[in-house]
Amino acid sequence: MLMLRFACSPTGDMHIDDLRVALLNYIISKQKNEDLIVRIDDMNKEKNIEGKDQEILAILELFHIKYSQVVYQSQNIRFYSAMALDLLHKKKAFACFCSHEWLENKKNEAKAAKKPYKYDDACRNLPAELVIDNTAPFTVRIAKPEQATTSDPMDSFVIMRQDKTPTYNFACAIDDMLSDISIIIRKDEQKNDTAKELHVRNSLGYDKEIEYAYLPALLDTPSVKELLEDGYLPEAISNYLISTINEPLKEIFTLQKAIEWFDLGKISKTPTHFDIDILKHINKEHLKNLEAKELSRYVGFADEEIGELARIYLNEANTTKELKAKIAPIFSQRVIPGMFAQQATLMAQTIKDAPYFEAYIDFKNHIMKETGLEGESFLKPLQILLTNAEHGPDVAKVYKYLKNYIQEIVK
RNA sequence: GGCCCCGUCGUCUAGCGGUUAGGAUCCAUGGUUUUCAUCCAUGUUACAGGAGUUCAAUUCUCCUCGGGGUCACCA
């Protein structure tokens, strides 16, 4: 049985590099047809922000990332204590009475001497009577591995703080053990945590092999919320994020398609910069693929005609926000530049009195004839009257979707 | 400073010993469009540097340089 997990802490807005990790975990879980669980790392009481967990889950929902359950670290506290006690019994962990200041001094000394700081195991072999008589607060440290397995030997690190809450590496190692996780896909920057977590599990006698995969950094990333507010489609964001880790078959694709071809073995190794230009391009393509009704909803209407109208404007907009800014003026008060004021007034009156025309050509001929305007002095005022902008799409195209609203607009 | 990861057009990338080093985006130019844009066409720009291995190195090895990450009683 395989199991994957996505861990996220509710201490701030979710950034798109977090989302990318979630997406990747989801894709692999689907490919392997296994469960994905979401873990909320809520052990930092001071930094936790009320409601952020729900926000994270809402984002996952919006991006169609499905999971089988949500676990909160804070609910596992009794396990962490039990495991720490077990390690203590087995002499694989020990109480450390070193004060914060003292350790701080040691670190500064090491820094001054340009040597890496390692805890010196001062409290490791304290006689039992010294421990029992000591009323000072203490942390629990896990005994470092017997032999150094890497060129950067680990020291006996803290697993339980003075307030007897677990540290991250300890909690994380135990969570993955309890949830029976088999594949961990996380950010590259967490690579250094892996050895510690492995050591915790080994010390506890857990020997299941966990497969690890690391995602190189995505630099300068905005929060998911920001992108959504700026009018980027979830499917476009997914498309972009996935193409930063695997070369896609086709530039534009859906999450479903990505599940078919994605290859965990071909994860890109180079750290990448978040590139808004490419996302814009992808977003536009996804916008083009939307049904008229759906498109219409994104710009604040629920009308197929408006959707088609919006589609015309897609040529000059990359996001739903930009699209909205193009469509909204059409249905608001006209701003007519002085040089066209006269013609526009005349034309507006003529349109008001005119019958309904199905075809633009008939409409155009009628207005031309009635107003006597032609060329530039016909087209510009008409364009402004219809679209409330001096530049924009072909009025003939726009008329097709605007003809039913024309009296309302001219008013 | 120790350790880890990574260096191909400005950006995202393809390449897995022999290629005119390909694509996307951006930018520029031209064409279409009675406007802006779209669209189409064309174009500029890249193997970080140095040694080695080899008939042959963007590709393999080492060094240098550069970028990022990490070294907590944060997650």
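Note on naming: letters A, B, ... go to the chains in the order of the sequence lines (proteins, then strands), and numbering restarts at 1 for each one.
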* **Candidates B:rC74, B:rA75, B:rC26 - which lies nearest the side chain of A:S9** => B:rA75

* To do: For B:rU32 versus B:rA48, give the span between their P atoms, rounded off to a whole number of Å.
  => 42 Å

* Would you say A:Y298 and A:L290 make side-chain contact, with heavy atoms under 4.5 Å? -> yes

* **RNA chain B-proximal residues of residues 303-338 of chain A, any heavy atom under 4.0 Å** => A:N315, A:E316

* Select base, sugar-phosphate, or nothing to describe what A:D275 touches, counting heavy atoms under 4.0 Å on all strands. => base

* Asked: Listed by chain and number, what are the salt bridge (Lys or Arg N to Asp or Glu O under 4.0 Å) partners of A:E390, not counting sequence neighbours?
  -> none

* To do: For B:rU25, take OP1 and OP2 only and decide whether either is under 4.0 Å from a side-chain N or O of A:H281.
  => yes

* **Atom P, compared across B:rC47 and B:rU11: separation rounded to whole Å** => 12 Å

* Atom CG of A:N192 and atom P of B:rC4: how far apart are they, to the nearest Å? -> 9 Å

* Any luck finding a side-chain donor-acceptor pair between A:N169 and A:D193 under 3.5 Å? -> yes

* **A:F363 six-ring centre to A:K403 NZ/CZ under 6.0 Å and within 45° of normal** => no

* To do: Check whether the side chains of A:T319 and A:D230 place a donor and an acceptor atom closer than 3.5 Å, and report yes or no.
  => no

* Asked: Residues from residues 210-226 of chain A sitting under 4.0 Å of RNA chain B, heavy atoms only?
  -> none

* To do: Would you check if the side chain of A:N44 reaches a backbone N or O of A:K47 as a donor-acceptor pair within less than 3.5 Å?
  => yes

* Structure fact -> For B:rC65, the nucleotide meeting Watson-Crick or G-U wobble distances (both under 3.5 Å) is B:rG7

* **Contacting residues from residues 265-273 of chain A, given that a heavy atom lies under 4.0 angstrom of RNA chain B** => A:S268, A:K269, A:T270, A:P271, A:T272, A:H273

* Rounded to whole angstroms, how far apart are CD1 on A:I276 and P on B:rU11? -> 17 Å

* To do: Return the nearest nucleotide to the side chain of A:P116; candidates are B:rU13, B:rG2, B:rU11.
  => B:rG2

* Rounded distance (Å) that lies between atom C1' of B:rG2 and atom NZ of A:K115 -> 12 Å

* Nearest to side-chain heavy atoms of A:H391, which nucleotide of B:rC36, B:rU25, B:rC73 -> B:rC36

* Counting only side-chain N and O atoms of A:K107, is one of them less than 4.0 Å from OP1 or OP2 of B:rC73? -> yes

* What does A:E390 touch in the nucleic acid at a heavy-atom separation under 4.0 angstrom: a base, only the sugar-phosphate, or nothing? -> base

* Remember a base hit wins even if backbone is also touched, and classify A:T139 as base, sugar-phosphate or nothing at under 4.0 Å, heavy atoms. => base

* **Counterpart residues, ring-ring contact (aromatic ring centres under 6.0 Å, His included), relative to A:Y360 (two or more places apart)** => A:Y399

* Which residue lies toward the 5' end of RNA chain B, A:Q73 or A:S243, if each is placed at its nearest nucleotide? -> A:S243

* **Partners passing salt bridge (Lys or Arg N to Asp or Glu O under 4.0 Å) against A:R297 (at least two apart in sequence or in another chain)** => none

* Asked: A:F274 or A:C96: which one's nearest nucleotide on RNA chain B is closer to the 5' end?
  -> A:F274

* **Test side chain to side chain donor-acceptor pair (under 3.5 Å) applied to A:K257 - qualifying residues, sequence neighbours left out** => none

* A:T244 and A:R20: side-chain donor and acceptor closer than 3.5 Å? -> yes

* Are the aromatic ring centres of A:Y26 and A:F6 under 6.0 angstrom apart? -> no

* Could you label the plane-to-plane angle of the A:W261 and A:F253 rings as parallel, tilted or perpendicular, counting under 30° as parallel and over 60° as perpendicular? => perpendicular

* Asked: Got a sec, which residues hit salt bridge (Lys or Arg N to Asp or Glu O under 4.0 Å) with A:R334, two or more places apart in sequence or on another chain?
  -> none

* Pair assignment for B:rU42, Watson-Crick or G-U wobble, requiring both distances under 3.5 Å -> B:rA28

* Distance below 4.0 Å between A:R186 side-chain N/O and B:rG69 OP1 or OP2 -> no

* Could you check which of B:rC5, B:rU70, B:rC74 has an atom nearest any side-chain atom of A:E189? => B:rU70

* Asked: How would you list, by chain and number, every residue that makes a ring-ring contact (aromatic ring centres under 6.0 Å, His included) with A:W102, sequence neighbours excluded?
  -> none

* **Nearest-Å distance once atom C1' is located in both B:rG22 and B:rU38** => 27 Å

* **Partners meeting side chain to side chain donor-acceptor pair (under 3.5 Å) with A:Y117 (sequence neighbours left out)** => none

* How would nucleotides 27-33 of chain B be written as a contact map, 5' to 3', with B for base contact, S for sugar-phosphate-only contact and - for no contact, using protein heavy atoms under 4.0 Å? -> -------

* Of the nucleotides B:rU34, B:rU25, B:rC73, which has the atom closest to the A:L379 side chain? -> B:rU34

* Asked: Can you tell me how far P of B:rC73 sits from OH of A:Y119, to the nearest Å?
  -> 11 Å

* **Integer-rounded Å distance: B:rU25 C1' and A:N239 CG** => 13 Å

* Whole angstrom value for the distance that separates C1' of B:rG23 from NZ of A:K250 -> 16 Å

* Structure fact -> Contacts of A:H391 meeting ring-ring contact (aromatic ring centres under 6.0 Å, His included) (sequence neighbours excluded), chain-then-number -> none

* **Distance in angstrom units between A:E376 CD and B:rU34 C1', rounded** => 7 Å

* **Residue A:V158, side-chain atoms from C-beta onward, closest of B:rC39, B:rC73, B:rA75** => B:rC73

* To do: Quickly work out the A:I282 CD1 to B:rU25 P distance and round it to whole Å.
  => 10 Å

